[in-house]
Trainee: 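Sharing a structure with you now.
Naming convention: chains lettered A, B, ... in sequence-line order (proteins, then strands); numbering from 1 in each chain. For clarity, every value in this text was computed on a predicted model and none was experimentally measured.
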Protein chains: 2
Amino acid sequence: MANTCNCDQCELRSLFFNNVSKEELDSLCTLKIERTYPKGELIVEEGNEIREFNYLKSGLVKLYKSTDEREQIITIAKPFDFISLLSIFSNNVYNYSVRALEDSVTCNISITRIKDLIKTNGTFALELLEKMNRIADSIIIESLNIRRKHLRGRIAHVLLFFAGYIYNAPEFELPISRKEIAEYIGMTTENVIRTLSEFRKDKIIKINGKIIEIINRDLLERISQLG
Amino acid sequence: MANTCNCDQCELRSLFFNNVSKEELDSLCTLKIERTYPKGELIVEEGNEIREFNYLKSGLVKLYKSTDEREQIITIAKPFDFISLLSIFSNNVYNYSVRALEDSVTCNISITRIKDLIKTNGTFALELLEKMNRIADSIIIESLNIRRKHLRGRIAHVLLFFAGYIYNAPEFELPISRKEIAEYIGMTTENVIRTLSEFRKDKIIKINGKIIEIINRDLLERISQLG
DNA sequence: CGCGGCTTTGATGTTCATCAAGTAAAGTGG
DNA sequence: CCACTTTACTTGATGAACATCAAAGCCGCG
């Protein structure tokens, strides 16, 4: 909850605040709030009023929708991704929830402050638009991609997603449960497990609890492509 | 292809150009290009360079991605929707295609002109951001909605989509083929037909070729909800 | 230590895609 | 305008993919 002004060190500064003047940046800095969330904690709850624009400074979070007993994961965000995606400028309440998958730190700025900045700083507005656009794109395209794949292709996809996009390493610890994988790619927990076991038997991956090691990446990519 | 300056009459003006000054509007007006496309014609092709910002003035179009033999419909846009959705500010080539489902007229403005306007007119920038945000939201939410439904629920959904969102009438002519419905909601053509026939037998709808009449809307909505 | 949640495997049944085959409709060229 | 081709539509039969149900082992946590 500290309000320290260390934006100079923030990696996001160069991505996000490229075109914000020194004065504006200082102003933002004094107004921004950092929040820390332990693993498992709720960061944003569907239906709550949107007061702040949030991005993820460190950690890992999932964005999801809850619909009667079942959760659907929309996407998984890593550091310097925006947590504020959907709804943020189009609605005054969140239409999705966010939960920390790992200990996470968010940086929050009042939404009205951001809106003022958009109005007064055109270059910032354009860059924000581009970034929001890019995020929405990737969610939509990924959703279409997942939908046209069979179970094996979906599991391959999600493994490559973690190994590539999130951790950039062939061996990693799954930050989500089998059940959450199922909620992410739209299948049942049992079939997630079964497919992972098949991949293990086929010597495509090694599994040790939540630790996954990708052995045959080429094959995994072919499976992901072909469905 | 006419370049007439009739923006005053355009219904979109009040939605889109609310915050554009008279001078800016005149300037846009002289620069805008209207294009007419007959039913079935390609409006935007995946991979082509993005030069213009487009919105739909009249008609109906589908946004879709082609992947090896198969098409996936992303969404269907009606008048005053933006055709420029994905990629527009995040990429310099289209990552989807657009085709006219009915005779359609688009209004096109140079993308650099729009970007200039964003930079100089903050209120416009914010409103554009809101609108783009809203569109991306609805596509993502709809995609999640469709994914968690069974075939009957998906068909119910798409029928209600046309009857409600597009035509606002219980009886309408389907602007797309059975095959395209299948491509929209991720199932096979045969099962689209089968499910429609079931609905007909169950006296939920009447079918006469492409003409659909919804008889039992309540039941259709329950089917759509429950999956 | 025992409870509840996560994981795993197997058996079973349902949903859905695929294949096949035929009819209707719509475009094409003489 | 009619034969011809192609594309859309429709129904049934079959099998594969996948969900559901059941049962048992595992692990963390109070």
Side-chain angles (χ1 to χ4, degrees), chain A residues 38-41 62 67-73 99 101 146-159 173-202 205-212 223-224 226-227, chain B residues 38-41 62 67-73 99 101-102 146-159 173-202 205-212 223 226-227:
Chain A
K39 178 179 172 168
E41 192 131 317
K62 65 171 174 178
T67 42
D68 44 297
E69 322 243 334
R70 178 171 307 178
E71 284 182 5
Q72 272 185 297
I73 295 183
R99 192 177 288 276
L101 295 174
I146 288 176
R147 206 158 77 176
R148 68 180 168 76
K149 286 177 184 155
H150 287 179
L151 296 199
R152 287 174 65 91
R154 292 183 192 182
I155 293 290
H157 175 97
V158 85
L159 290 176
E173 180 172 353
L174 269 180
I176 58 178
S177 68
R178 315 293 201 245
K179 190 177 164 217
E180 284 171 312
I181 295 179
E183 286 163 355
Y184 185 23
I185 55 183
M187 50 195 281
T188 58
T189 311
E190 292 95 322
N191 280 329
V192 170
I193 291 162
R194 245 185 283 272
T195 309
L196 284 172
S197 299
E198 278 173 38
F199 283 179
R200 177 170 41 77
K201 281 172 203 153
D202 297 346
I205 57 171
K206 280 185 186 166
I207 306 178
N208 183 9
K210 286 214 182 296
I211 313 259
I212 305 274
I223 294 171
S224 171
L226 299 177
Chain B
K39 178 177 173 170
E41 192 129 320
K62 66 170 174 178
T67 43
D68 44 297
E69 321 243 333
R70 178 172 307 179
E71 285 183 5
Q72 273 185 294
I73 294 183
R99 193 178 289 275
L101 295 173
E102 297 172 356
I146 288 175
R147 206 160 75 176
R148 66 179 169 76
K149 285 177 185 154
H150 288 178
L151 296 199
R152 287 173 65 90
R154 292 183 192 181
I155 293 289
H157 174 97
V158 84
L159 291 177
E173 181 172 354
L174 270 179
I176 58 177
S177 68
R178 316 291 201 248
K179 187 175 166 220
E180 283 171 313
I181 294 179
E183 286 163 355
Y184 184 24
I185 56 183
M187 51 195 280
T188 57
T189 311
E190 293 95 320
N191 280 329
V192 170
I193 291 162
R194 245 185 283 272
T195 310
L196 284 172
S197 299
E198 279 173 40
F199 284 178
R200 177 169 41 77
K201 281 172 202 152
D202 297 346
I205 58 172
K206 279 185 187 166
I207 306 177
N208 183 8
K210 286 212 181 299
I211 313 259
I212 304 274
I223 293 171
L226 299 177

Trainee: For a quick check of understanding: with a heavy-atom distance under 4.0 Å over all strands, which category does A:Arg200 fall into, base, sugar-phosphate or nothing?
Mentor: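 Since only primed, P, OP1 and OP2 atoms lie under 4.0 Å of A:Arg200, the category is sugar-phosphate.
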Trainee: Which atom pair, heavy atoms only, marks the closest approach of A:Gln72 to B:Arg148?
Mentor: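 Looking at all heavy atoms of both residues, the shortest contact is OE1-CD, 3.5 Å.
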Trainee: With heavy-atom distances below 4.5 Å as the criterion, would you say the side chains of B:Glu183 and B:Ile176 are in contact?
Mentor: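 When only atoms from C-beta onward are counted, B:Ile176 and B:Glu183 do not touch, as no gap falls below 4.5 Å.
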Trainee: Could you state the NE2-P distance from B:His150 to C:dT14, rounded to the nearest angstrom?
Mentor: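 It works out to 13 Å between those atoms.
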Trainee: Measuring only between side-chain heavy atoms, which start at C-beta, is B:Arg152 closer than 4.5 Å to B:Asp202?
Mentor: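 Yes - at least one pair of side-chain heavy atoms lies under 4.5 Å apart.
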Trainee: Calculate the interatomic distance between B:Ile181 atom CD1 and D:dT10 atom C1'; express it in whole Å.
Mentor: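 Spelled out: CD1 on B:Ile181 to C1' on D:dT10 is 14 Å.
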Trainee: Once you round it to whole Å, what is the distance between P of C:dA24 and CD1 of B:Ile207?
Mentor: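 Interatomic distance, CD1 of B:Ile207 to P of C:dA24: 17 Å.
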Trainee: A:Leu151 has a side chain; which of C:dC16, D:dC18, C:dA17 sits nearest to it?
Mentor: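 The answer is D:dC18, which lies nearest to the side chain.
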Trainee: Is there a side-chain contact between B:Arg152 and the phosphate of C:dT14, meaning an N or O under 4.0 Å from OP1 or OP2?
Mentor: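 Answer is no, no contact under 4.0 Å.
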Trainee: Could you measure the distance from the CD1 atom of A:Ile193 to the CD atom of A:Glu198? Nearest 0.5 Å is fine.
Mentor: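 So the gap between those two atoms works out to 12.5 Å.
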Trainee: Counting only side-chain N and O atoms of A:Ser197, is one of them less than 4.0 Å from OP1 or OP2 of C:dT9?
Mentor: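 Checking C:dT9 against A:Ser197, a side-chain N or O does come within under 4.0 Å of OP1 or OP2.
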Trainee: Using whole Å, report how far CZ of A:Arg194 lies from P of D:dA16.
Mentor: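 Going from A:Arg194 (CZ) to D:dA16 (P), I get 17 Å.
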Trainee: Looking at C:dC16, I'd like to know if its phosphate oxygens (OP1 or OP2) sit under 4.0 Å from a side-chain N or O belonging to B:Asn191.
Mentor: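 Negative; the distance criterion is not met.
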Trainee: Roughly, in whole Å, what's the span from CD1 in B:Ile211 to C1' in D:dA8?
Mentor: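 Rounded to whole Å, this separation is 16 Å.
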Trainee: State, with a plain yes or no, whether a side-chain heavy atom of B:Lys210 is found less than 4.5 Å away from one of B:Pro175.
Mentor: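 No. Closest side-chain heavy atoms not under 4.5 Å.
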Trainee: Measure CG/A:Leu196 against P/C:dC6 and give the value in whole Å, please.
Mentor: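 Those two atoms, CG and P, are 16 Å apart.
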Trainee: Quick one: label A:Ile193 by what it contacts on the DNA or RNA (base, sugar-phosphate, nothing), any heavy atom closer than 4.0 Å.
Mentor: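 A:Ile193: base contact, heavy atoms under 4.0 Å.
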Trainee: Are any of A:Arg178's side-chain N or O atoms less than 4.0 Å away from OP1 or OP2 of C:dT8?
Mentor: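 True: A:Arg178 side-chain N/O within range (under 4.0 Å) of C:dT8 OP1/OP2.
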Trainee: With no angle test and no hydrogens, is the base of C:dC19 tied to the side chain of B:Glu190 by a donor-acceptor pair under 3.5 Å?
Mentor: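 Under the 3.5 Å cut-off, the side chain and the base do form a donor-acceptor pair.
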Trainee: Would you indicate which nucleotide in C:dT7, C:dT18, D:dC9 comes nearest to any side-chain atom of A:Ser177?
Mentor: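 Nearest to the side chain of A:Ser177 among the choices is C:dT7.
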Trainee: To the side chain of A:Thr188, which of D:dA19, C:dC6, C:dT18 is closest?
Mentor: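 The closest nucleotide is D:dA19.
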Trainee: Please state how far atom CZ in A:Arg147 lies from atom C1' in D:dC18, giving the value in whole angstrom units.
Mentor: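 Roughly 18 Å, once rounded to whole Å.
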Trainee: Starting from P on D:dA8, measure out to CD on B:Glu71 and report it in whole angstrom.
Mentor: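 The answer, rounded to whole Å, is 11 Å.
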Trainee: Between A:Lys210 and C:dT7, is there a side-chain N or O to OP1/OP2 distance below 4.0 Å?
Mentor: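 A:Lys210 to C:dT7 OP1/OP2: side-chain N or O found under 4.0 Å.
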